[in-house]
Amino acid sequence: MTETTPQPLVEGITAAIVGVTEFGPHLDFFVGELGYEVAAEGVVPGAVADALWASGPADVEAVALAAAGAGTGRIHLVRVPEPIAPADPPHNLDVGLVGIDMYARDIEAAHAELGRSGRDWATPPTTYGVAVGEREVQVTQGVCPAPDGTVVVFVQPAAVRGTEAWAADPERSYTELTSVVCHVPDADAEVGFWGPEGLGMAVWYDVVFSSPGFDKVAGLPAGTKMRLAFLAGEKTARIEVTSAAGEHGVDRRATQRPARSLGHSGWSVRTRDLEAALESVRRTGGRVLTSPVETDDPLHGRAIVATADTPNGVSVTLWQPRD
């Protein structure tokens, strides 16, 4: 009898959850300038939202954004009338969620076009190398602040890793989210939670490196040694787990909660088996926060949904579609 590899419980990060004061500025940026579309809009019923996110009894207004109709790598905008903390973009040494990444076809053109629109990049396009095994991978990135403390990292890839948006529309300037980033104190635990022994994502690489170019892009002290573990499923978006040697910055995890915080505040993850996913959460050091609830809303459709924290306190909304 031959052993079979278990089917992964998740296929990637379905969406980054972004808390907003008002939808207009985000729609101007993501839809008007980056070419995303409104895939769905409406409300998450108050009873469901409160059960998942402890947001109170009121309905939560929500808008799901997609690039070229991609069902993955989406942006879930949720309106937060009374945020638990002011909008404040995280630094790459802060603990918790950091940036959301997407590919740009021509990053220099993106820098110029967004600059003409009044989008001042925190870091202009910069190329640097990352040693992966015996080879060096060249990366070109730039950082552009978005509304409500959201940090968008544009990447011009040396080699494109498949995206649904560019497969559907090869002429697009930007893709769906290609990765989401967290900076954590315990990278081993985070990789174990998401990886082959946990929810089933593959570890594409896991390296420790130092690069003057990366220090510049990320605003790090010169010579910072950074661990970067890159996890991928069958679909985008992927996960970048980072952990710097030495002191970390502000611990933002308590103020990065979906429907209660502004900016990048959680991840939405579709699973083929919610009960098995929750069991994996418990087994790999995470924490299940809510029992499954039924919903029919613009972010999840008809689904059963639950929330959990990873071992490092990243908020994850897990959901399984229902017919």
Side-chain angles (χ1 to χ4, degrees), residues 10-21 23 25-27 29-31 34-41 44 52-53 60 62-67 70-80 83 87 89-90 92 94 96-103 143-155 163-165 174-184 190 194 199 201 230-233 235-242 252-253 255-271 298-300 305 307-310 312-319:
V10 302
E11 59 187 13
I13 302 300
T14 310
I17 301 173
V18 175
V20 311
T21 307
F23 293 112
H26 293 265
L27 296 176
F29 180 63
F30 289 108
V31 177
L34 304 186
Y36 280 65
E37 304 94 30
V38 175
E41 57 186 322
V44 179
L52 293 175
W53 304 315
V60 172
V63 177
L65 302 180
T72 183
R74 292 188 166 196
I75 300 170
H76 286 174
L77 303 177
V78 295
R79 187 167 177 272
V80 185
N92 285 283
D94 291 349
L97 298 171
V98 188
I100 55 177
D101 295 13
M102 70 184 76
Y103 289 162
V143 180
C144 183
D148 287 313
T150 311
V151 176
V152 176
V153 180
F154 292 108
V155 181
T163 86
E164 289 189 6
Y174 306 97
T175 64
E176 73 271 35
L177 298 189
T178 50
S179 60
V180 292
V181 186
C182 61
H183 182 244
V184 300
E190 200 71 17
W194 293 104
L199 291 171
M201 296 177 72
F230 198 91
L231 295 108
K235 299 181 182 294
T236 50
R238 299 167 279 266
I239 301 173
E240 298 180 34
V241 176
T242 64
R252 296 185 177 272
R253 290 173 291 183
T255 56
Q256 291 179 331
R257 311 310 297 176
R260 294 189 286 144
S261 303
L262 299 174
H264 187 191
S265 52
W267 297 340
S268 176
V269 181
R270 183 170 48 237
T271 177
L299 304 184
H300 313 101
V305 191
T307 51
D309 276 356
T310 76
N312 285 280
V314 174
S315 178
V316 181
T317 301
L318 289 156
W319 55 281

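Values below: all heavy atoms of this structure, side chains included; hydrogens, waters and symmetry mates excluded.
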Only one of Val20, Val63, Leu299 passes side-chain contact (heavy atoms from CB on, under 4.5 Å) with Val78, and that residue is Leu299
What are the two closest non-hydrogen atoms of [X] and [Y], and how far apart are they?
X      : Y      : answer
Pro258 : Ser265 : CD-O, 3.3 Å
Thr175 : Tyr36  : O-OH, 2.9 Å
His76  : Ala64  : CD2-CB, 3.9 Å
Glu176 : Met102 : O-CB, 3.5 Å
Val44  : Ala62  : CG2-CB, 4.4 Å
Ala40  : Pro298 : CB-O, 3.5 Å

How long is the straight-line distance from [atom2] of [Y] back to [atom1] of [X], given to the nearest 0.5 Å?
X      : Y      : atom1 : atom2 : answer
Ile239 : Asp101 : CD1   : CG    : 12.5 Å
Arg260 : Ser315 : CZ    : OG    : 8.5 Å
Gln256 : Cys182 : CD    : SG    : 10.0 Å

Validation row: [X], [Y] side chains within 4.5 angstrom (heavy atoms):
X      : Y      : result
Val10  : Met201 : yes
Thr178 : Thr163 : yes
Val38  : Leu65  : yes
Thr310 : Val184 : no
Val31  : Phe23  : no
Val143 : Phe154 : no

Run the ring-ring contact (aromatic ring centres under 6.0 Å, His included) test against [X] and tell me which residues pass, sequence neighbours left out.
X      : answer
Phe230 : Trp204, Tyr205
Tyr103 : Trp166
His26  : none
Trp319 : His300

ask   = Considering residues at least two apart in sequence or located in another chain, which fulfil the side-chain hydrogen bond (donor to acceptor under 3.5 Å, both in side chains) criterion with Thr150?
value =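 For Thr150, no residue satisfies side-chain hydrogen bond (donor to acceptor under 3.5 Å, both in side chains) once neighbours in sequence are set aside.
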Report the residues that fulfil side chain to side chain contact (heavy atoms under 4.5 Å, CB included) with [X], sequence neighbours left out, ordered by chain and then residue number.
X     : value
Pro25 : Glu22, Pro147
Pro83 : Val80, Leu262
Ala16 : Ile100, Leu177, Val180, His264

Is a donor on one side and an acceptor on the other found under 3.5 Å between the side chain of [X] and the backbone of [Y]?
X      : Y      : value
Asp148 : Ala87  : no
Thr307 : Leu52  : yes
Arg238 : Gly12  : no
Glu190 : Val241 : no

List for me each residue that meets salt bridge (charged side-chain N to carboxylate O under 4.0 Å, His left out) alongside [X], sequence neighbours excluded, and say none if there are none.
X      : value
Arg74  : none
Glu41  : none
Arg257 : Asp309
Arg253 : Asp251

Show your working on side-chain contact (heavy atoms from CB on, under 4.5 Å) between Thr242 and Asn92 and close with a plain yes or no.
CA-CA 9 Å; Thr242 64; Asn92 285 283; over 6 Å; no
Using side-chain contact (heavy atoms from CB on, under 4.5 Å), reason through Phe30 and Val18 one step at a time and then give a plain yes or no. CA-CA 12 Å; Phe30 289 108; Val18 175; 5.6 Å; no
Review point. When you check the side-chain N and O atoms of Thr317 and Trp53, is any donor under 3.5 Å from an acceptor?
Key: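 Judged by distance alone, the side chains do pair up.
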